[in-house]
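As the structure lists them, so they are numbered: ligands from 1, and atoms in each ligand from 1.
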Amino acid sequence: MGTRIQQQPGQVRKAPENFVDTDGVRTVFAQARGGRRDFIRNAFAAAVAGTAASTALAQSSTADGDPAILQLPAHSTGLGQPVVTDGYGKPSKYEANVQRRQSPGLTPTAQASVSFAPLQSLFGIVTPSGLHFERHHQGWWDIDPSKHRLMINGMVKAAKVFTLDELMRLPSVSRFHFIECGANTGMEWGNVAVPTAQYTHGMLSCSEFTGVPLITLLEMAGADLKGERFVLAEGADGSSMTRTIPMSLIRSGEVLVAYGQNGEMLRPEQGYPLRLVVPGVQGVSWIKYLRRIELGDQPYGTKDETVHYVDLMPDGQHRQYTSIQECKSVVTTPSGGQMLLDKGFYNITGLAWSGRGKVKRVDVSVDGGRNWRTARLESPVLSKCLTRFNIDWVWDGSPAIIQSRAMDDTGYVQPSYRQLRAVRGTRSIYHNNAIQSWQVQPSGEVANVQLS
Ligand SMILES: Nc1nc2c(c(=O)[nH]1)N[C@H]1C(S)=C(S)[C@@H](COP(=O)(O)O)O[C@H]1N2
Ligand SMILES: [Mo]
């Protein structure tokens, strides 16, 4: 079974009025269940003539007489390309529209900016490293690892400076975790702002990270591990990114000084050669180009903890150090900017995660939250990691509103916008984990909507 998703680069380039760049976010769906379909023809017909033509095509598109299966293409009769002996493999040229993208006009410069991961085009739970979202406060660097150092200092018996070679000799662990910028979905606080899952939820990625538990390095420096302690993590780039991490998180061994990502060294955009991995905690604490860890006995209250990354509450007060990313989910297919070609069977799929542990359950509604069905969670379901969910759906062609609602193993349930706004108001930037709604219109077009 399985629904085939057909990318149509360049098929539709008309942008919604409030948005400029939708290249590559249009995905066309076609039904693969009842036999072979000619997706291209189907998509073309739907675009030209609407549903009547595609219904007719659906009836006529059986295996009989389909030239694509009857004629032998050149690749079945000729000699293929030679092995790529000294190159780094790339995706198919037909997937060239699957890219991370900047939200036009979001930031005045491309150094202090964000690029969003194309969640609507990804499968499973791992983000390909070249599509990992980026958030730089002052541009990225490709740092010479032989010149990079990590210092551990502050309230330790013997301050230490490590080279990368020294770090890589230490016992290592590999773990899958999500990273989500605290500002993910931040544009949607007041109302619908951006059209696609890439822009609403794409400051989210998930990788297998490899590195040394920070606790090991603190032990080596003779730190008091039992006391009420806090760590200050500092990056080597010009943004002087510094964040306080409480010892309570570090003691569990979860916090890593990582050099590996998805089986290879970190990408420069992700902090090569060293980054802090702080599972469950907002992205800003995952310091890239990590150069220094200082141990102290109270939170440091740096610029990135007092001026930024605070939540403005309805009573005008700021909430500080709300760093755990609460349970959240999003349907990635069908999602805003995509298009359903036809009535019939679809696989609704999406991602769920919690900064507090494992995802326990995801419910999906196709009628704006009146009725819910429990989705299948695909394994592995890991702690502080993305979890993939799937559920069957037969679209009858009438308007539908698709939502997902996740619950984690603490029993916390992802809130609706109404519930979230009742507590948080609408003037925040960070930590919007509300239920996302996608409206499927009779034309098959899918749009970002919010229910009041
Ligand atoms: N040194 C340094 N570390 C940093 C940042 C930065 O600008 N410089 N940005 C932070 C923010 S706000 C986020 S969301 C994550 C983004 O990580 P990524 O670019 O690997 O997706 O890195 C964090 N660590
Ligand atoms: Mo961030």
### Query
Ion pair present between Arg388 and Glu378, side-chain N to carboxylate O less than 4.0 angstrom?
no
### Counterpart residues, side chain to side chain donor-acceptor pair (under 3.5 Å), relative to Arg421 (two or more places apart)
Gln450
#### Entry: Set of side chain to side chain donor-acceptor pair (under 3.5 Å) partners for Gln270, sequence neighbours left out
His132
Considering only N or O atoms, set out every pair between ligand 1 and the protein closer than 3.5 Å, with distances to one decimal place.
residue  : atom   : partner : partner atom : Å
ligand 1 : 1 (N)  : Asp237  : OD1          : 2.6
ligand 1 : 1 (N)  : Asp237  : OD2          : 3.4
ligand 1 : 1 (N)  : Lys288  : O            : 2.9
ligand 1 : 3 (N)  : Lys288  : N            : 2.9
ligand 1 : 7 (O)  : His137  : N            : 2.7
ligand 1 : 8 (N)  : Asp237  : OD2          : 2.9
ligand 1 : 9 (N)  : Arg135  : O            : 3.4
ligand 1 : 17 (O) : Arg275  : NH2          : 3.0
ligand 1 : 19 (O) : Arg135  : N            : 2.9
ligand 1 : 19 (O) : Lys288  : NZ           : 2.6
ligand 1 : 20 (O) : Gln270  : NE2          : 3.1
ligand 1 : 20 (O) : Arg275  : NH1          : 2.8
ligand 1 : 20 (O) : Arg275  : NH2          : 3.4
ligand 1 : 21 (O) : His132  : ND1          : 3.3
ligand 1 : 21 (O) : Phe133  : O            : 2.6
ligand 1 : 22 (O) : Arg275  : NH2          : 3.3
ligand 1 : 24 (N) : Trp286  : O            : 3.1

### Query
So, Arg229 and Asp224, do they make that salt bridge, N to O below 4.0 Å?
yes
### Query
Heavy atoms, side chains only, cut-off 4.5 Å: are Met151 and Glu294 in contact?
no
### Query
Who are the side chain to side chain donor-acceptor pair (under 3.5 Å) partners of Trp353, not counting sequence neighbours?
Glu180
